2 protein chains.
Amino acid sequence: MEEKHCWVPLPDHTHFSIYNLPFGIFSVGNNPKRLGIAIGDKILDLAGVASLGYFKTLQIPDEIFLQDTLNQFIGLGKKQTNQVRIMVQKWLSDQESQLRNYPHLLVDQSEATLHLPLEIGDYTDFYSSLEHATNVGKMFRDPDNALLPNWKHLPVGYHGRSSSIVVSGIPIHRPMGQVMPVGSSQPVFKASERLDFELEMAFVVGKENRLGQSIPLDQAEEYIFGMLLFNDWSARDIQKWEYVPLGPFLGKNFASSVSPWVVTLESLEPFRVNGPAQDPPVLPYLQYQGPRNFDINLEVSITTSDGIESAVCQSNFKHMYWNMAQQLAHHTVNGCNVRIGDLMASGTISGPDPGSYGSMLELSWGGTRPITLTDGTQRTFIDDYDLVTMTGFSGKPGYQVGFGKVHSRVLPAVQ
Amino acid sequence: MEEKHCWVPLPDHTHFSIYNLPFGIFSVGNNPKRLGIAIGDKILDLAGVASLGYFKTLQIPDEIFLQDTLNQFIGLGKKQTNQVRIMVQKWLSDQESQLRNYPHLLVDQSEATLHLPLEIGDYTDFYSSLEHATNVGKMFRDPDNALLPNWKHLPVGYHGRSSSIVVSGIPIHRPMGQVMPVGSSQPVFKASERLDFELEMAFVVGKENRLGQSIPLDQAEEYIFGMLLFNDWSARDIQKWEYVPLGPFLGKNFASSVSPWVVTLESLEPFRVNGPAQDPPVLPYLQYQGPRNFDINLEVSITTSDGIESAVCQSNFKHMYWNMAQQLAHHTVNGCNVRIGDLMASGTISGPDPGSYGSMLELSWGGTRPITLTDGTQRTFIDDYDLVTMTGFSGKPGYQVGFGKVHSRVLPAVQ
């Protein structure tokens, strides 16, 4: 990476270095929502920058930056959106930049409200971690044949609920639901007792295909605008009773939480790595060349109501068996159309060792092995008032391309 | 029903009697899309009616009727939208109505283009026909234990794809996909050989609940604006290989087809009937009072490329084990929020006798019993260039409240 010096003061360990510049939607006070770029502890107000004429050469209408979501901006296409990011990078690393004369364009993140950055048409959740699928298969099916026959032949996925995706900071109510108690033949209606997080990442679709036209794998990344952190909240007891034969439903759709900043695929380029070898070989439409995984360090913590934080999982996005290009090529191979703003989540990102398992289900091995938190309390699943935080970043201090965090507190069930 | 005489000439067997008055989105030539009401073979141009000041007393802005979808109109709430329908009913049955002086406001349906009437945020598909679930269970699982343990305790459902829902008339390409040939251990990529329809109906959500707040069953119908016909296209061979453990995905999301007119729940009131007794008793949040099913005659036909039409299924929406109020109460009991325009489909509507099975999978019993069409050809599933038509209506000639049709031709796979 060519070294760049940003004139905005940057904390040492910021996720939002000059090499990142992710896009989000923010507001201050009662002012209208608008597009911003995170830099250090600040947000560059892109609507303000646009109103000064800075994007005139790109012929982007100013109102594109004064929207409630990123969708219209993303719809300009990568050629334009990358130009915006590159121009901002140039201005912020140009010590003589005229932008320095407009300090009000750099808003403190602590003074801004960050909003759900996308209008999400459809949301798909994959199941692409070999370690996660194996763990779940061992627990619920056959330890010796943990993976189902289709798992290594296609990226298993299903459709989830768009309406209940919320941004980091919005609290989640423990869901009520129907569960079948162990040993009973009569279901009961109660608050979930097995509320769980799932550590995931999601990519944002940045370009549409026509219904009936598939996206070939070697073009798939042109359709990916960027990524964010995704907490796929899951009520294991509700899910277990309802999911046969048509898949997860109320066990998942009560809420999913996302981080507010969309990190562009371009800023993640330096962190490409090879994925795991795929054996048996996959069908030609899923075959790929070159590194398609990304080295992104991930961590999950639980902060108990006494304010004490405990890291419970360290994982990495590089472990994924199926990569994003494969997921998108598979998703559209039947002609299914995708739209700008669609989210496609990875599935739980578990690594090979127990400390890297991306859900309480795996960390507590189906609730049989409680984990002890820093404050001495134990958890098999998530308690009321726990704050679950996920973070993720690539690179080293000073050069980090990070996602910030998605954190959400669990509130008691609404009875 | 109080007898009303419509001054618009109505064909004897029209679905669109004066008692129906469903809402849709239409356009003529290059004129902008707008809201209309079907009456006989005509469409009443609501934007035109509004521009004459006819809705002034309701204080509805004219532009509500000049939209690409019904969503804003539905968002006015049932009190307002029912008023519009009742006023139109009064005008069309008032022989002295001033509207008769504006014949251009009645557009021939044959000269109009009908559009997808909704912006669909989320689409859910249920599996609520006992006969369908039993047939599928007999074929694929245990003939003596066809129903899974959860089936009679909750309305099983899953999330589907919104982006690929298209309006009647749009042709569908046979999907390509990954399938596992019988007796093989190596999947292949090919055009689906088991392309099927599913005869369904869907309801349109007309009112939102907040995330975290459930909709009690006795209020659920206030959240249902109306209904339409729904063809849940399915590729059985793709579905069979992919669907374990997370449910249908590419076997369904290549396309779903809907009828263009949304029939209001109010116009279906005279056709309420009791549903099947539910045994074992359901949990309190799913218990209901009074008739919650609707007597809607349904038919599916296949028109072969020689133009000869064969009826292949006669069913009725009254057979459903789980009713719409139960579906919506269940869907939101965990706090999941629904939005205006969301679609919730019933699942395949099969009746008790073989001629009432709502899919080729059941009609041909898994492909083992070909059915013979009027032109002498046989079908186990759907062939290229077949036109599949679904129709539905309640009431008798002169008093029908019908849905028109959803018809779609199957085109060969895009290789």
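These figures come from a predicted structure and were not determined experimentally. Here is the naming used below: chain letters follow the sequence lines, and residue numbers restart at 1 for every chain.
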| Pairs of heavy atoms under 4.5 Å with chain B: top-ranked of A:E119, A:H330, A:Q213 | A:H330

| message | Less than 4.5 Å to any heavy atom of chain A: does that hold for the side chain of B:S192, its backbone, both, or neither? | response | neither

| task | Please state whether the side chain, the backbone, both or neither of A:F140 comes within less than 4.5 Å of a heavy atom of chain B. | result | neither

| message | Can you tell me which portion of B:E208 sits under 4.5 Å from chain A's heavy atoms? Options are side chain, backbone, both or neither. | response | neither

| note | To the nearest 0.5 Å, atom CG of B:N209 lies from atom OG of B:S214 at 8.0 Å

| B:L246, part contacting chain A, at a heavy-atom distance under 4.5 Å | both

| message | Under 4.5 Å from any heavy atom of chain A, what part of B:L154 do you find: side chain, backbone, both or neither? | response | both

| query | Side chain, backbone, both or neither: which part of B:V136 has a heavy atom under 4.5 Å from chain A? | reply | neither

| query | So what's closer than 4.5 Å to chain A heavy atoms on B:F254: side chain, backbone, both or neither? | reply | both

| For the candidates A:P187, A:G335, A:G212, A:P175, which exhibits the highest count of non-hydrogen atom pairs separated by less than 4.5 Å from chain B? | A:P187

| field | Atom group of B:D125 that falls short of 4.5 Å from chain A, counting heavy atoms | value | neither

| remark: Applying a strict 4.5 Å limit to non-hydrogen atoms, the region of A:F189 in contact with chain B is both

| note | From the list A:N334, A:T332, A:I238, the residue making the most non-hydrogen contacts under 4.5 Å with chain B is A:N334

| message | Could you report the tightest heavy-atom contact between A:L217 and A:Q287, atom names first, then the distance? | response | CD2-O, 3.7 Å

| By a 4.5 Å heavy-atom criterion (distance strictly below it), what part of B:P149 contacts chain A: side chain, backbone, both, or neither? | both

| said: Less than 4.5 Å to any heavy atom of chain A: does that hold for the side chain of B:R174, its backbone, both, or neither? | reply: neither

| task | Considering only heavy atoms and a distance below 4.5 Å, find which of A:R141, A:Q186, A:H331, A:K252 pairs most often with chain B. | result | A:H331

| field | Toward chain A, the part of B:L211 with a non-hydrogen atom under 4.5 Å | value | side chain

| Proximal component of A:I172, with respect to chain B [non-hydrogen, under 4.5 Å] | neither

| said: Given heavy-atom pairs under 4.5 angstrom as the criterion, report whether the side chain, backbone, both or neither of B:L286 touches chain A. | reply: side chain

| Are B:Y243 and B:Y158 close enough that their ring centers fall under 6.0 Å? | no

| task | Classify the ring geometry between B:Y127 and B:H132 as parallel (under 30°), tilted (30 to 60°) or perpendicular (over 60°). | result | perpendicular

| query | So what's closer than 4.5 Å to chain A heavy atoms on B:V333: side chain, backbone, both or neither? | reply | both

| message | Does B:R236 form a salt bridge (charged side-chain N to carboxylate O under 4.0 Å, His left out) with B:E198? I'd like the steps, not just the answer. | response | CA-CA 11 Å; B:R236 303 295 179 191; B:E198 289 195 336; 2.9 Å; yes

